[in-house]
Amino acid sequence: MLDLLGTLTRTHTCGELRAADAGKSVVLLGWVNRRRDHGNLIFLDLRDRYGITQIVLDKEVGEAAHAKAEHSRPEYVVAAVGKVRLRDKDVINPKMPTGEVEIVASELRILNDAKVPPFSPSEEAIGNEEVRLKYRYIDLRRPEMQRNFEVRHKVALAVREYLSGEGFFEIETPFMTRSTPEGARDYLVPSRVHPGEFYALPQSPQLFKQILMISGMDRYFQIARCFRDEDLRADRQPEFTQIDLEMTFPQQETIFGVVEGFMAAAFKAVGIDLPVPFPKISYDEAMRNYGIDKPDLRLPGLADVKAAFTAENLAALVIDPNLPVVALRIPKVGELSRKERDDNKPLFDQRKGAKYIDDLKRLEKGFPEAAAKVRELAGAEADDLLIIVAGDAATHIQASDTKTPGRLSEREIAVYSAAGNFRVELARKYAERHGAFAVTDGVVTDEGRNTGIVDGSKAFRPIWVTDFPMFEHDPETGKWMPAHHPFTSPHEEDMDRLVSDPASVRARYYDLAMNGLELGSGSIRIHQQQVQQEIFRALGMSDEEAKARFGFFLEALQYGTPPHGGIALGLDRLVMILAGANSLREVIAFPKTAKAIDLMVDAPTPVSEQQLRELHIKPTKG
RNA sequence: GGGGACGUAGUUCAGUUGGUUAGAACGCUGCCCUGUCACGGCAGAGGUCGCGGGUUCGAGUCCCGUCGUCCCCGCCA
């Protein structure tokens with residue numbers, strides 16, 4: 001028989017009572033975390049979002065309350081009425097913030113019972129994610145998850161406060177909008193009123209926010225839900241949240257300043273000092289130094305070691321002398337065994353004509369001078385893992401190595417990115433040995449938040465990546481594709497080469513990367529209608545097609561569009577980094593599986609014939 | 001669309017060369033216990049070895065298919 005709450009009111013949370021509260025009469029409400037039954041003496045650990053407090057049920061103090069405790073079980077919801085008592089010195093629990101006190105309960109009410117849960121929120125590690133997602137309400141009771149959502153809340157709040165203080169208005173844009181197929185696939189919403197027609201869920205509020213600039217809103221932001229119907233990854237969910245902003249009359253640096261401001265504020269809100277401004281690197285430099293456009297600065301970059309080899313050396317090693325020769329170095333990993341090297345083979349992408357040398361001992365035997373020079377150029381310590389990556393002279397691959405002065409060729413990029421990806425894979429695999437990733441784990445702790453600001457300069461390494469190429473060449477279609485989105489402005493001094501030499505055109509486009517993760521992208525937009533049309537043409541889009549897809553926008557551009565620009569940052573990814581999590585699912589309350597299923601509500605599902613008829617939809621399958 | 005890992009009790013996992021009645025820990029149930037905090041002690045319950053088919057005298061174990069979860073490539077302007 002369950003008890004009624006009646007007029008009982010919570011006086012304290014389960015995390016706040018301390019020695020100074022001794023003697024107070026209190027009412028605590030929460031879930032039974034654990035029960036320790038000693039016969040005539042029972043301990044209940046009562047848990048809520050704020051912590052755990054021990055309740056003592058002594059048969060001699062209250063027989064009825066003691067009997068209730070005998071019947072209570074983990075996850076029962078109970079009310080404890082009693083007095084705060086200082087614990088004797090020898091039974092103080094130093095591991096708990098409330099460990100100096102306990103509640104001597106005179107009354108215990110069982111407000112609700114609970115089935116035996118498939119796993120306990122009091123367990124440290126739960127492995128089975130399927131079960132966690134199905135019983136998400138139990139999973140979310142775990143202190144770790146509650147902490148993650150506290151971080152998420154604080155970050156979002158700090159961003160809002162900061163941007164508001166900088167004059168940004170938070171403005172909502174529609175969820176049901178027009179399909180403008182660009183990059184990702186749209187989620188479509190059928191219209192009942194307009195047979196055969198569909199709304200689309202926004203992939204981002206891109207065009208709306210640009211139109212808000214045309215509208216003279218000056219500074220806009222939104223913590224916006226976005227939808228993309230693409231395959232999932234650990235860091236990609238079909239619906240996700242972006243910190244989206246746009247402003248009128250910015251220079252690139254103006255936007256960097258705003259982002260650095262709210263990032264610092266967000267980190268400060270969870271107790272971390274994030275130094276500003278963030279370093280900057282051009283796309284080309286990023287490729288040369290890290291082999292990737294989202295560099296992880298927690299580990300050393302690539303070193304150019306071509307100078308270590310003579311032409312004869314390169315020929316003997318079957319290395320293409322016209323392509324880069326670089327060394328990747330991971331500290332403290334040490335020399336790899338034969339077996340380890342074999343195991344690592346699949347981690348290297350050999351498809352694009354790159355090769356690597358990971359047996360430095362053998363290189364030292366055959367080419368002692370070159371090997372010594374490589375070590376020197378790479379700045380390698382004795383216990384560093386050192387691997388050389390170069391172009392394979394024996395592979396003839398179909399890739400353009402036409403060189404635009406000042407830009408990297410496709411083949412050069414292939415070698416750099418093979419090295420860069422290998423570096424990332426190995427760094428992840430040997431994370432325990434080099435220890436550079438461990439710092440982020442547990443930086444956001446209760447201790448950190450309570451004792452002041454922690455120095456985050458080593459654990460969190462943001463970097464701006466700038467000057468991306470405007471176009472990418474698609475080898476399959478032979479067309480030039482926008483490297484990013486087609487509303488990005490080219491550099492003013494590159495404009496005249498839009499048609500004559502598209503590969504050399506730089507975009508006023510920038511990414512913010514942190515710890516090897518792309519946190520966000522933005523750009524200075526095109527604000528002149530003619531330029532926008534030229535870009536569409538350069539992309540092989542006819543004027544008619546452009547008009548059909550973006551006519552409303554091209555029209556809007558003609559009514560006094562100010563120069564404008566902005567950025568969108570993934571809130572989920574940001575919180576994931578702060579929480580030290582390795583999946584977005586840890587920081588999204590109700591996420592989807594890799595197959596885009598919600599295991600708790602079981603979505604998607606078929607719908608009734610009736611619903612389909614009303615929407616004028618006839619499925620071809622199922 | 002492709003590659004890889006995994007799937008055994010509620011949970012985490014073990015299960016040898018294919019061989020008797022499939023095990024452990026935690027959890028769960030009952031009894032005992034007044035200072036535990038991962039309480040302890042005794043007793044007990046709990047299994048379609050993901051599912052389907054095949055090979056075999058015999059399959060958790062081998063083969064084929066299928067489903068599910070995770071990771072990666074493609075994809076994600």
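In the text below, chain A, chain B and the rest are named by the order of the sequence lines, each starting its count at 1.
Judged by Watson-Crick or G-U wobble contacts below 3.5 Å, the nucleotide B/U11 has B/A25 as its partner. For B/A5, the paired base is B/U69 (Watson-Crick or G-U wobble, both distances below 3.5 Å). Summarising the base pairing, B/G19 is matched to B/C57 through a Watson-Crick or G-U wobble pair whose two defining distances lie under 3.5 Å. Summarising the base pairing, B/G74 is matched to no nucleotide, lacking a Watson-Crick or G-U wobble pair whose two defining distances lie under 3.5 Å.
Listed nucleotides: B/C71, B/C76, B/C72. Nearest to the side chain of A/Ala184: B/C76. Nearest to the side chain of A/Val91, among B/C75, B/G35, B/G30, sits B/G35. Residue A/Ala594 places its side chain closer to B/C70 than to any other of B/G30, B/C70, B/G35. For A/Met96, the side-chain atoms get nearest to B/C37 when compared with the rest of B/U34, B/C37, B/C71.
Using a 4.0 Å heavy-atom criterion, one finds that A/Val131 contacts the sugar-phosphate atoms exclusively. Across all strands shown, A/Asp58 has heavy atoms under 4.0 Å from base atoms, whether or not it also approaches the sugar-phosphate. When heavy atoms are screened at a 4.0 angstrom cut-off, A/Glu60 is found touching base atoms of the nucleic acid. Within the nucleic acid shown, A/Arg132 has no heavy atom closer than 4.0 Å to any nucleic acid atom. Within 4.0 Å (heavy atoms only), A/Lys59 reaches no atom of the nucleic acid at all. Heavy atoms of A/Pro74 sit under 4.0 angstrom from primed sugar atoms or phosphate atoms, though from no base atom. Within the 4.0 angstrom heavy-atom criterion, base atoms lie near A/Arg85. Among the heavy atoms of the strands, none lies under 4.0 Å from A/Glu518.
The CG atom of A/Leu584 sits 5.0 Å away from atom CG of A/Asp572, with the distance rounded to the nearest 0.5 Å. With values rounded to the nearest 0.5 angstrom, A/Phe240 atom CZ is found 11.5 Å from A/Leu571 atom CG.
Atoms CZ (A/Arg428) and P (B/C71) sit 11 Å apart, rounded to a whole Å. Distance CD (A/Gln54) to P (B/U36): 10 Å, rounded to an integer number of Å. Summarising the geometry, the separation between CG on A/Asp90 and P on B/C37 is reported as 13 Å, rounded to the nearest angstrom. What separates CD of A/Glu129 from C1' of B/A5 is a distance of 15 Å, to the nearest Å. What separates OH of A/Tyr187 from C1' of B/C76 is a distance of 12 Å, to the nearest Å. Residue A/Glu586 contributes atom CD, which lies 12 Å from atom P of B/C70 at whole-angstrom precision. If you measure from atom CG of A/Asn128 to atom P of B/U12, you get 4 Å, rounded to the nearest angstrom. In this structure, A/Asp235 places its CG atom 9 Å from P of B/C71, rounding to the nearest Å.
Not one side-chain nitrogen or oxygen of A/Arg87 sits closer than 4.0 Å to the OP1 or OP2 atom of B/U36. The side chain of A/Lys134 contributes no N or O atom lying less than 4.0 Å from OP1 or OP2 of B/U69. Checking the phosphate oxygens (OP1, OP2) of B/G27, no side-chain nitrogen or oxygen of A/Ser120 falls inside 4.0 Å.
With hydrogens and angles ignored, the 3.5 Å screen pairs no side-chain donor or acceptor of A/Arg508 with any backbone N or O of A/Thr488. Although no hydrogens or angles enter the test, the distance criterion places a donor-acceptor pair under 3.5 Å between the side chain of A/Tyr510 and the main chain of A/Ser523. With A/Gln237 contributing its side chain and A/Arg585 its backbone, the two residues share no donor-acceptor pair below 3.5 Å. No donor-acceptor distance shorter than 3.5 angstrom exists from the side chain of A/Thr173 to the backbone of A/Pro205, with no hydrogens or angles considered.
Between A/Arg228 and A/Lys592, the residue anchored closer to the 5' end of RNA chain B is A/Lys592, taking for each the nucleotide with the nearest heavy atom. If A/Asp45 and A/Leu41 are placed on RNA chain B by their nearest nucleotide, the residue sitting closer to the 5' end is A/Leu41.
Within 3.5 Å, a donor on the side chain of A/Asp231 pairs with an acceptor on the base of B/G74, or the reverse. Donor-acceptor pairing under 3.5 Å, judged by distance alone, is absent between the side chain of A/Glu130 and the base of B/G50.
One C1' atom belongs to B/G60, the other to B/G50, and the distance between them is 12 Å to the nearest Å. Across B/G15 and B/U8, the matching P atoms stand 14 Å from one another, rounded to whole Å. With both ends at atom C1', the span from B/G46 to B/G19 equals 26 Å, rounded to whole Å. Taking atom P on both nucleotides, B/G7 is separated from B/U16 by 13 Å, rounded to a whole Å. Nucleotides B/U29 and B/U34 have their C1' atoms positioned 24 Å apart, rounded to a whole Å. Between B/G58 and B/U20, the distance separating the two C1' atoms is 12 Å to the nearest Å. Comparing the C1' positions of B/A9 and B/U66 gives a spacing of 25 Å, expressed to the nearest Å. For the P atoms, the distance from B/A24 to B/C37 is 25 Å, rounded to whole Å.
A salt bridge links A/Arg549 with A/Glu545: the closest approach of a Lys/Arg side-chain nitrogen to an acidic carboxylate oxygen falls below 4.0 angstrom. A salt bridge does not link A/Glu102 to A/Arg18: none of the charged nitrogens lies less than 4.0 Å from a carboxylate oxygen. In summary, A/Asp139 and A/Arg132 engage in a salt bridge, as defined by a charged side-chain N under 4.0 Å from a carboxylate O.
Screening residues 28-57 of chain A for salt bridge (charged side-chain N to carboxylate O under 4.0 Å, His left out), with sequence neighbours left out, gives A/Arg10-A/Asp48, A/Arg35-A/Asp37, A/Arg36-A/Asp45, A/Arg47-A/Glu75.
Partners of A/Glu239 under the salt bridge (Lys or Arg N to Asp or Glu O under 4.0 Å) rule, at least two apart in sequence or in another chain, are A/Arg225, A/Lys592.
A stacking contact links A/Phe43 to B/U36: the aromatic ring centre lies within less than 5.5 Å of the base's six-membered ring centre, and the planes differ by less than 30°.
Proximity of residues 30-39 of chain A to RNA chain B (heavy atom under 4.0 angstrom from any strand atom) is restricted to A/Arg34, A/Arg36, A/Asp37, A/His38, A/Gly39.
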